[in-house]
Visitor: 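Pasting a structure here, questions to come.
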Amino acid sequence: MTPDAILEVRELSKRFGGVHALEGVECIVPEGQVFAVIGPNGAGKTTFFNCLTGVTRPTTGSIRFQNRPLAGLPSHRIAEAGIARTWQTIRLFEHMTVLENVLVGCHTRGSTGFPGAILRLPSQRREERRLREAAMNHLQRLEIAHLAHRPVSSLPFLQQRRVELARALAAEPKLLLLDEPAAGLNTRETGQLGELILSIREQGLTVLLVEHDMSLVMEISDQVLVLDHGVPIAEGPPRQIQENEKVIAIYLGSEAL
Ligand SMILES: Nc1ncnc2c1ncn2[C@@H]1O[C@H](COP(=O)(O)OP(=O)(O)O)[C@@H](O)[C@H]1O
Ligand SMILES: [Mg+2]
């Protein structure tokens, strides 16, 4: 594996019947970067995330995370290995509170086993307290600590997005996958999200970002991979991507770049 690479993807393909959702996708993601994956609707971006998180089994190809092969592992093993994600469409437990949702994210980090949980040993109670404190810290960081005991269903969209992000961070991942996190946000909110993503990177996490908001992508990404109909057509730093003719051609008319 290339030095400093946290994720290395080779010849990744995924077919759904006759649809080639991904075809020969390759990338090397250096640790500590914001690495964006862009492309028109249907380009395969979500499928790429699904392959990385074990939601979908790749048809062919290899995925190495921190020098260990990932392809074919179930989702929970991949989460334990240190990959967390948010979803293009928010997926929260609506009737649970904000804090409860974030505690769900913490569970991969819990260390007390089944006997401890059943017997409610002191070690188990200490563990619970530690997880609650960690969850509250994540809520504070996302400025939603005051909403901790509200049911998620009672919150506006922006706050729900923040809960999702807090839950992903609570798993203490090394690699965070964000699937269109700015969708539905206004310009000011998108700016705040950008700052938050950069602060997450500063703490040493690597971020994989799927996003349609090109100004956000160009502002905060170190590297950009462009997919079109599942095929990688360009990769490089934002400025180079903005000037790439193939990329301009697929976005022509959308005024996205
Ligand atoms: N579970 C699935 N079954 C069949 N086709 C799928 C499935 N998931 C995605 N696809 C197809 O794969 C292609 C890529 O989809 P997707 O990864 O969602 O693209 P993007 O996220 O870039 O918009 C599309 O043609 C889509 O219809
Ligand atoms: Mg998608």
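Atoms within a ligand are numbered from 1 in the order they appear, just like the ligands themselves.
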Visitor: Do other residues, nucleotides or ligands put more than 12 heavy atoms under 6.0 Å from F93 CZ?
Guide: no

Visitor: If you measure from OG1 on T46 to CD on Q88, what distance do you get to the nearest 0.5 Å?
Guide: 4.0 Å

Visitor: Within N41, is some N, O or S atom less than 2.8 Å away from the Mg ion (ligand 2)?
Guide: no

Visitor: If you measure every N/O of T47 against every N/O of ligand 1, is any gap under 3.5 Å?
Guide: yes

Visitor: Any N or O on A21 sitting closer than 3.5 Å to an N or O of ligand 1?
Guide: no

Visitor: Examine G42 against ligand 1 and note whether any of their N/O atoms are separated by less than 3.5 Å.
Guide: yes

Visitor: Quiz question: by atom type and distance under 3.5 Å, do the side chains of R10 and S62 form a donor-acceptor pair?
Guide: no

Visitor: So which bit of T46 gets within less than 4.0 Å of ligand 1, heavy atoms only: side chain, backbone, both or neither?
Guide: both

Visitor: In the protein, what heavy atom is nearest to atom 25 (O) of ligand 1, and what distance, to one decimal place, separates them?
Guide: V19 CG1, 3.7 Å

Visitor: Any protein heavy-atom neighbour for atom 23 (O) of ligand 1 (distance below 4.0 angstrom)?
Guide: yes

Visitor: Who's the nearest protein heavy-atom neighbour of atom 9 (C) of ligand 1, and how far?
Guide: F16 CE1, 3.5 Å

Visitor: Whether K14 engages the ring of F16 as a cation-pi pair (distance to the six-membered ring centre under 6.0 angstrom, angle to the ring normal within 45°) should be assessed.
Guide: yes

Visitor: Pull out every atom of ligand 1 sitting under 4.0 Å from any heavy atom of N41, numbered as shown with elements.
Guide: 23 (O)

Visitor: Measuring from I6:CD1 to Q33:CD, what's the distance to the nearest 0.5 Å?
Guide: 11.0 Å

Visitor: Do any pairs count as a side chain to side chain donor-acceptor pair (under 3.5 Å) and have a residue in residues 141-159, sequence neighbours left out, and if so which ones?
Guide: R141-Q203, R150-S154

Visitor: Does the residue G44 have a heavy-atom contact with ligand 1, meaning some pair of atoms that are separated by less than 4.0 Å?
Guide: yes

Visitor: Any luck finding a side-chain donor-acceptor pair between N50 and R57 under 3.5 Å?
Guide: no

